[in-house]
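Sequence lines set the chain letters: A, B, ... in the order given, protein chains first and strands last, and positions in each chain run from 1.
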Protein chains: 2
Amino acid sequence: MDKPLTKPSIREINERVILAAAESVFAERGFSGATMSMIAKRAGSPKANIHYYFPTKETLYRAVVARVLTAWLDAARSFDASDDPKEALTAYIGAKMDLAREMPLSSQIYASEMMRGAPVVQDYLETTLSAWVAERSGVVRRWIAQGKLKPIEPKYLFFMIWATTQHYANAAHEMATLEGGPLSDEAFERAKGQVAQTVLFGVAAGG
Amino acid sequence: MDKPLTKPSIREINERVILAAAESVFAERGFSGATMSMIAKRAGSPKANIHYYFPTKETLYRAVVARVLTAWLDAARSFDASDDPKEALTAYIGAKMDLAREMPLSSQIYASEMMRGAPVVQDYLETTLSAWVAERSGVVRRWIAQGKLKPIEPKYLFFMIWATTQHYANAAHEMATLEGGPLSDEAFERAKGQVAQTVLFGVAAGG
DNA sequence: ACGCCATTTGACCGATCGGTCAGATTCGCG
DNA sequence: CGCGAATCTGACCGATCGGTCAAATGGCGT
C-alpha cells in the first residue's frame, strides 16, 4: 500500500523533510526547548516556510507524535506472530528492542510525552493502547491457564518489557558512557538476547 | 551527622523551598520548558529573590540534580546489604522501586538529563557511576562463578533493573491511564514483587 | 537604640520566542 | 507562452524569557 504511483508533490517532500528535522530537535530539546528557528535551520528552509506547512509549533509536534505512534503499533503486531508464549514474547521483545535502536528519537519523544502527562496522546492511551493491553492480557492469561506461564499479572509483564526496551533508547547516552562508547551491533544483539532470555525464564512455568 | 544543632538560617530555609519548587517545575516541563517566574510563583517569592539565592537558571538546575544523585547513591547501597544474590537483588530492586514511587520528580529529572545527553551529570557517569558498576559487576561475576547465577553479562542486568524501576516513575501517567487510576499501594507492592521475582527467576542458575 | 549586612522587591533590560504578512518567485496546466 | 495558484522569504510584531539593579526592608549583635 501507499506506492508512489505519482511522483511526490512538493508539499509531500517538504513535509517529510520538516517532520524529520522537527523530530530530531524535539527529541534533543523537548517540546518547550525546541525552537522553530532551530527546526527551520535543520530543515534548510526559512522559518516562515515551516509555518506555511505547519501553522503552529503544536501542530508540528502533533504530526511528529502521530508518526511515532504508528511505528509503535507496527512493532506491537509482532506479539501476535505466534500462539506460543516463548516465540511471541521473543518476537515482541526483539521488535521493541530494534525499534528503540533504530528509532531512538521517536522513543525519546514518546517517553517525554509520558513524563509530561501525555498532553497530546492521552486519547491514544485511553482507546488504542488500552484495547491492545486488554486483548493481549487475555492471551497471557490463557497461557497461564494452560500452564505455560507462571501466574503473573499480565500488565506488569508488559510494563517490564516496555521499560526495558525503551531504556535502550532513553538511556543510550548513559550506556555509551559506561561501555566506553556506543553499543556495537554485537553488544546490542547480546543485550537483546539476554533481555529476552531473562524475561522468558522469569515468567516461564517452573520446571 | 548534620543534626540541626542551630536553628536553620533564613538562607537554609529559602534554599530548601526554592529547590523543592524548582524540582517540581523542572520535572514537569524539563530544563528549557521551566521558567524562573514559574519557579518563583511556586516558591512564593518574587523572581528577583530566586536569583538572589541561585544566580542563574543553570545554577539552580545543577543544585536540583545534585540532590537527585545523592538519593540515587543512597538507594544503590542496598545492593550491598547481603552476599546472597537473591537477597541483594531483591533489596536493590525494592529500594529502586520505592525511590521511583516516592521521588518520581527526581526520577523524571534524571531521565530527562540522560535523554539530553547528560549535559550536567556527565562527570558523575564517568566517575562515580562507572566505579559503582565496575565493582558490582565483579560481585555478580563472582556469584556466577559460584554457580548461583546464570552466566549473564552483569551490565545488562543492571540496565534491566534501572529500566524497570525507573519506568514506574517515568511512565506513571501511562500506567495510571491503563489502570483506570493511580497505582494503589497494594498494586505497587504486587508490581514490586513480580518484578523482583521475574528478574530473580530469570537470572537464577537453572534447577 | 544604633548600625551593618543580609534579604526582599518592583521596575527594567536586551534577546529571543512563536507567529504574521505582504510581496517576490516558482509551479503546473491550458 | 500566459496566468492563477502554490510556494517561498525577509521584515516585522507583541509577548515572554533570563537576568540586573537600586532602593526598600528586615534581622541581629553590640
How close or far is atom [atom2] of [N] from atom [atom1] of [X], stated in whole angstroms?
X: A:Arg29; N: C:dG18; atom1: CZ; atom2: C1'; result: 16 Å
X: B:Met36; N: C:dT16; atom1: CE; atom2: C1'; result: 17 Å
X: B:Glu58; N: D:dG18; atom1: CD; atom2: P; result: 13 Å
X: B:Phe54; N: D:dG19; atom1: CZ; atom2: C1'; result: 16 Å
X: A:Ile13; N: D:dA6; atom1: CD1; atom2: P; result: 17 Å
X: A:Glu12; N: D:dT7; atom1: CD; atom2: P; result: 11 Å

Any protein N or O atoms within reach of nucleotides 3-5 of chain C? Criterion: under 3.5 Å, listing atom names and distances.
none

Hey, would you say the B:Phe201 and A:Phe201 ring centroids sit under 6.0 Å apart?
no
Working to the nearest 0.5 angstrom, can you tell me the gap between B:Lys192 NZ and B:Leu183 CG?
12.5 Å
Rounded to the nearest 0.5 angstrom, the OG1-CD distance for B:Thr164 and A:Gln166 is 12.0 Å
Do the numbers put A:Arg11 on top of the ring of A:Tyr52, so that NZ or CZ is under 6.0 Å from the six-membered ring centre and no more than 45° off the axis?
yes
Give a yes or no on whether a salt bridge exists between B:Arg101 and B:Glu189, defined as a side-chain N under 4.0 angstrom from a carboxylate O.
no
Contact class for B:Ala34 (heavy atom, under 4.0 Å): base, sugar-phosphate, or nothing?
sugar-phosphate
Heavy-atom pair with the smallest gap, counting every atom of A:Ser32 and B:Gly33:
CB-CA, 3.1 Å
For residues A:Thr165 and A:Ala100, report the shortest heavy-atom separation together with the two atoms involved.
O-CB, 3.2 Å
Check the surroundings of atom NZ in B:Lys150: do more than 12 heavy atoms from other residues, nucleotides or ligands lie under 6.0 Å from it?
yes
Counting primed atoms plus P, OP1 and OP2 as sugar-phosphate and everything else as base, spell out the protein contacts along nucleotides 7-12 of chain C at 4.0 Å heavy-atom distance: B, S or - for each nucleotide, 5' to 3'.
BBBB--
